Amino acid sequence: MEKKIDLTKKQKKLFIIIGTIIAVYLGFEYLLPLFVPFLLAYFIAWMLRPFVSMLHRKLKIPLALGAGIGVLLFLGVVCGILLYIGKMLTRQLVLFLKNIPVYQSYLTSQVHGLCLGCDRLFNKEIGASWEMLSRGSEALTGFVQDAVLPRITSQTLRFACSAVGLFTGMVIVIVASILFIKDMEEYKEGLRKSEFYPAVHRITKKLSETGIAYLKTQLMIMSIIAVLCVGALWILKNPYALLIGIGIAVFDAFPVLGSGLILIPWTLVMLLSKNVFAAAVLITLYILCQLTREFLEPKLLGNKIGIQPIYSLMSMYIGLQLFGVFGFFLGPLGLVIIRTVVKTYAGDTKILFSDQEP
């Protein structure tokens, strides 16, 4: 009799896990795109509500007007920052594209020297390694011209439609933010009276301690590392400091890979080029990036997630495969949602996660 009850519990737990995984995938694939503008609007409203309430309380400004003022100020600040960063990135990207022939010539000479060294090392005919590498480069160039470029060209119309959709979405976000700020208390009261509120609140409360904590932590660490990278590259007078610094910060968010995937090879190249100062700056930057993540991640996140690094890496990879670039964030967030639901309704989660308790 006891074995039968235990089997039923296992079946229930397995059903909850599979059902939650399917529900999360379907939600991210079909429902999330429909609600993204309203989720973003609610987030903006949540941030601006104290400011609008202060305007209403001290200056007697109506909530609707105060909400409009707050949203416009917020958008002005965000757009100003994005335009400044975008201008710098564009300038650096244009400079990089202009200098491609110079970099190509330098890289060709270095690779040619390396190929000659390989020919001598392995007693091959002089030029054999270079010829083999040239054939590979030609094949890669042909693949890009025949497969990649036509696909990019065919997406031009889709990009134009996406731009129109983005503008429409921004208008919806602005209007929805004002409405959320104006009637936020009424919306909250209506949700509390809903019969689904206890179950939804239980899950969302835990998600606020896990999923949101994870995203905030990653974004904060990425921002700090981006500042460190840009500063170090600025010291080296690198003309692409902002572009490369942001790229390194994004790589650093990947478990195991991290910033070392770029900084360590770069340091070795600088040492081979006898540029000791640049190598010292780059290896110091790598150490700072590692210390920043190792110190801040436990402090900011604590044991709220309880997900082992290998599962985090798997979730990022699966998210990228299923949802594209945004899957980098949706994968770990989906894993957190699955963990929260399974933990709430099935109890033990040790078969999928670490022993840490959120």
Side-chain angles (χ1 to χ4, degrees), residues 31-89 163 165-194 197 200-227 230 242 246 249 253 292 296-297 299-302 304-305 326 329-330 332-333 336-337:
L31 294 180
L32 184 61
L34 302 177
F35 289 96
V36 163
F38 303 100
L39 293 174
L40 182 58
Y42 183 81
F43 177 71
I44 294 173
W46 174 74
M47 287 194 304
L48 296 179
R49 176 68 183 186
F51 172 72
V52 175
S53 298
M54 182 194 70
L55 293 179
H56 177 68
R57 189 172 58 254
K58 293 188 176 181
L59 303 179
K60 307 301 180 183
I61 296 177
L63 284 176
L65 179 59
I69 294 172
V71 170
L72 289 176
L73 286 175
F74 174 78
L75 290 176
V77 172
V78 171
C79 289
I81 294 173
L82 291 178
L83 284 174
Y84 178 74
I85 294 175
K87 184 179 178 181
M88 292 183 64
L89 286 174
L166 180 62
F167 176 77
T168 305
M170 287 179 62
V171 174
I172 292 174
V173 168
I174 293 172
V175 176
S177 300
I178 295 173
L179 294 176
F180 272 132
I181 295 174
K182 177 177 173 291
D183 301 319
M184 184 171 285
E185 294 303 322
E186 294 182 18
Y187 295 140
K188 287 183 178 180
E189 187 62 28
L191 287 173
R192 292 190 190 100
K193 293 179 180 178
S194 172
Y197 178 76
V200 173
H201 179 67
R202 195 185 328 170
I203 295 175
T204 54
K205 182 180 178 182
K206 291 189 177 182
L207 282 177
S208 65
E209 299 174 354
T210 51
I212 296 176
Y214 176 84
L215 292 177
K216 284 173 61 177
T217 299
Q218 294 302 326
L219 290 173
M220 186 177 297
I221 293 175
M222 284 173 64
S223 300
I224 293 172
I225 289 177
V227 171
V230 171
L242 183 63
I246 293 175
T292 300
L296 287 182
E297 204 163 44
K299 294 289 183 182
L300 296 174
L301 205 56
K304 293 179 181 178
I305 299 296
F326 292 106
F329 295 102
L330 291 179
L333 182 59
V336 168
I337 293 174

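Just so it is clear, the model here is predicted, and its values are computed rather than measured. Computed from heavy atoms alone, side chains included, the values below leave out hydrogens, waters and symmetry copies.
Rounding to the nearest 0.5 Å places CD1 of Ile172 at 11.5 Å from OG of Ser177. The distance from atom OG of Ser53 to atom CD1 of Ile61, rounded to the nearest 0.5 Å, is 12.0 Å. One distance of note links CG of Leu59 with CE of Met54; it measures 7.0 Å at 0.5 Å rounding. In this structure, the separation between CG on Leu48 and CG on Leu73 is 9.0 Å, given to the nearest 0.5 Å. One distance of note links NE2 of His56 with NZ of Lys182; it measures 11.5 Å at 0.5 Å rounding. Atom-to-atom distance recorded for Leu63:CG and Arg57:CZ is 11.0 Å, nearest 0.5 angstrom.
When side chains are defined from C-beta on, Tyr84 does not count as touching Lys87, because their heavy atoms never get closer than 4.5 Å. Proximity of Met170 to Leu40: side-chain heavy atoms (C-beta onward) are nowhere separated by under 4.5 Å.
Remark: Phe180 engages Tyr42, Tyr187 in a ring pair (Phe, Tyr, Trp, His ring centres under 6.0 Å) (not counting sequence neighbours). Under the side chain to side chain contact (heavy atoms under 4.5 Å, CB included) criterion, Ile81 pairs with Val77, Ile85, sequence neighbours left out. Every side chain to side chain contact (heavy atoms under 4.5 Å, CB included) that Ile174 has, sequence neighbours left out, goes to Val71, Leu75, Ile178.
Of the residues Ile69, Ile181, Leu65, the one that meets the side chain to side chain contact (heavy atoms under 4.5 Å, CB included) test with Val52 is Ile181.
Heavy atoms only, all atoms of each residue included: Ala176 and Phe38 are closest at CB-CD2, 4.1 Å.
Within a 6.0 Å radius of CE in Met47, more than 12 heavy atoms belonging to other residues, nucleotides or ligands are found.
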